[in-house]
Amino acid sequence: MSILIAEVIVDVSTYHVDRPFDYQVPPEWESVIELGCRVKVPFGPRNVLGFIVGLKHETDVPLNKLKGITQILDMEPALTEEMLQMAKWLKNNTICYEIDALQVMLPSALRAKYEKIIKLQKNQTLPEEVQPIFGKRQQVNFKEFEREGLLPLLKQLVAENIVTIENVVKQQGNVKEIRMVQITADQQLVERALGQSSRAVKQRLLLQWMCQHLGEILSPQQICDEAGVSLSVLEAVIDKGAAQFIQEEVFRDPFTKEVSRTQALQLTDEQQVALQAINTAMEQQTAETFLLHGITGSGKTEVYLQAIQKVLNDGKEAIMLVPEISLTPQMTERFRSRFGEMVAVMHSGLSVGEKYDEWRKIQQGKVKVVVGARSAIFAPFTNIGLIILDEEHESTYKQEDSPRYHARDVAIWRSEFYKCPIILGSATPALESFARAKKGVYTLLSLKQRALHQALPTVYIADMREELRQGNRSMFSQSLIEAIRVRLEKKEQMVLFLNRRGYSSFVLCRDCGTVVQCPNCDISLTYHRTTEKLKCHYCGYEEHVPQICPQCQSDHIRYFGTGTQKVEEEIYKLFPEARVLRMDVDTTKHKGAHEEILETFGAGQADILLGTQMIAKGLDFPNITLVGVLSADTSLHLPDYRAAERTFQLLTQVSGRAGRHDKPGEVIIQTYTPEHYAIELAKTQDYEPFYEREMFLRRRSSYPPYYFVALIQLSHEDVMMAAEYAGRVADWLRENLSNQVAIIGPTTASIARLQNRYRYQCLIKYKIEPNLIPVLQRLLAMYRAEWIKQGILMTVDLDPSTI
DNA sequence: AGCACGCCGACT
DNA sequence: GTCGGCGTGCTC
């Protein structure tokens, strides 16, 4: 009979092996093995993990070269056939290795962990030098030898066959098991035990109790508590055979708090219309993409919830993506209170084990809804009825390293696979999305009214140049100070938003103007008050705050810029009675800190919530009546064609935090460029005028959505080398791409040096270029064959989120 | 990516 | 003569 051959993608992330390798499936596993299983295979001189991507009966590989699979790691395949197809699509459309595409779909717990183990052979004795390492053990980790610098000796020991080296392949996380007790005692056994000596009163008691609970599986603790005996008694009884310990799989529970159930809310007419359109698409099983454009507070979430309810009624599954953890506590709570145990969550705040368990709940069909960040788009459902991307314009939906996928694109791919609709929801859609909706590629659904008919907050623009002219050199405009005072008096809450990007505290010499910079990157160091240190946010470099200027030795050196800590201090100077809650990377480090801060604020235990990016979204508290944006400009002047769009989105999002309930809201935006259209139009929170204006500019300079862009980044330790090869890239692209394509560059990247490497980039703008991917692949081939040896590093990003 | 193989300089 | 430096090439 013919043998079974498996095609395996091995866990080695390099282009040389980015193709399936054939392995023989041992006959006894032929009925077990399935597509998508993880397997252990010999690869060259070592063992690696791999994924079965094909099964066949023939191979071109000569039989003397064909090896067999060593082990099957999954009885139930880790990857579905859909995922295998999706991985191929990802590979071709984002230019990545297939193995990376496969890995990204799995929780990190299932990734491989490789360990080298040194085993002492039987009847062999170790020389004295290595005795202390082994102690009484029969095997030790390779690293222990390495640490002691005993590698030459190890080589000798291997040669003499005293020890052997084994490569073990494990996975990073495991199923959590707890010890339970199964009560198996039959009547006879119990009687016999009871009939014995009158001693062992406690055991007798326990046995009697067990008779009432035959066949049950309980935790040891529970049995001891209920029967009123100690653990040692239970162990004694188990010894006699009246019960036995068994290992039971459990899910680690990431939810800390109970939620009460809620019912569907009454929909407004607009919401009803939107829901109806979505429901129709679900009924007709069409892969339709809806753009749900709803102003802040218009009740998009309620539309999602009711659409998902229909999915559940139809016996299907739903994926709900949210931008990042900032949304998840409030958002997941809302989902759990509506759908209870049917919900799994997936975000970066979970431990490896928790993520694995949530993933298994999805895989085993124990839940029907997943609420999660970007990677949840790969949730292993097999009957998806609806996919939702909330705040679809968020750049966190784009993964910044390989595979550089956009969750929106994956969502569309999966919706076509399952013939189900997608909802892209936003108050400020990405220009690309709105343009597609206007063209009819997406179906536009609009919510123009706030759900509770509250008025939109009034937005006031504070011209900081004017403030400066009037001698106000503080970071607060007069109007903002006044507004804060009023809120404090009225005992209402407020949110102050600091757009910190590129504007954190730095150290500047007042004599020569030197800003202390990172020695490895062209970035100024950020001052951290808590540790009295200067830190580089890009490479992690740290140093103590200098007492004198490193340039001119002056001692007139001081801190500038506005970190959240600085703002907090300023607030206390002006309003000593104010209770400020600061939410930034420093205060949200530990697990659950996010939730704690929001809860404290929600409970009214603070007047002012002060924070960065992370408070811009989702926050929904009735008592917030003022939102202050301390500096709207910081994101406006970044060298990125999306800077204006980002600023408009951000301002609209933060403004939406005010006056969501019965109290009217007010927003104060401080800026040095009040005449900029992104700021002027944020004032009226009117998306379409902004869209028209921005589209005009995009068309004029040939940027998306009119053109597609691809970004090639290149770095080298030596400036000249980096510049030279960046030039070669540009020349080569100009030669090989059609003249319809614009190639911008080479230019220095916005951070010209990072981790001691000089960075250049080329931008490709194109409309239709069928050759683009093949040409880029040839460029990459050239890079891998020659340039990489020169120390060049190059990356290609189709559809970059920042440039 | 690892790991082995292989071909050249400084040591016992 | 040998140990070990890291260039080159392969992995079903």
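Order of the sequence lines fixes the chain letters, A, B, ..., with proteins taken first and strands second; residue numbering starts at 1 for each chain.
A/E317 contributes atom CD, which lies 5.0 Å from atom OG1 of A/T382 (distance to the nearest 0.5 angstrom).
One atom, OH of A/Y114, and another, P of B/dG2, lie 9 Å apart when rounded to the nearest Å. At whole-Å resolution of the value, CZ in A/R111 and P in B/dA1 are 16 Å apart. The interatomic distance linking A/N167 (CG) with B/dA1 (C1') rounds to 13 Å, in whole Å.
In this structure A/A722 satisfies the side chain to side chain contact (heavy atoms under 4.5 Å, CB included) test together with A/H716, A/Y758, A/Y760, sequence neighbours excluded. Residues satisfying the side chain to side chain contact (heavy atoms under 4.5 Å, CB included) test with A/A101, not counting sequence neighbours, are A/A87, A/L90, A/C96.
For A/Y641 and A/Y707, the gap between ring centers reaches or exceeds 6.0 Å.
Within residues 87-109 of chain A, no residue has any heavy atom closer than 4.0 Å to DNA chain B.
Judged by distance alone, the side chain of A/D357 and the main-chain N or O of A/R252 form a donor-acceptor pair under 3.5 Å.
Between A/Y397 and A/H406, the ring-plane angle classifies as tilted under the 30° and 60° cut-offs.
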Take nucleotides 7-12 of chain C nucleotide by nucleotide from the 5' end and write B, S or -, depending on whether a protein heavy atom sits under 4.0 Å from the base, only from the sugar-phosphate, or from neither.
----BB
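Within the structure, the ring pair (Phe, Tyr, Trp, His ring centres under 6.0 Å) test picks out the following pairs touching residues 773-796 of chain A (sequence neighbours left out): A/Y725-A/W787. Pairs passing the ring pair (Phe, Tyr, Trp, His ring centres under 6.0 Å) check and including a residue from residues 17-43 of chain A, sequence neighbours excluded, read A/F21-A/F43.
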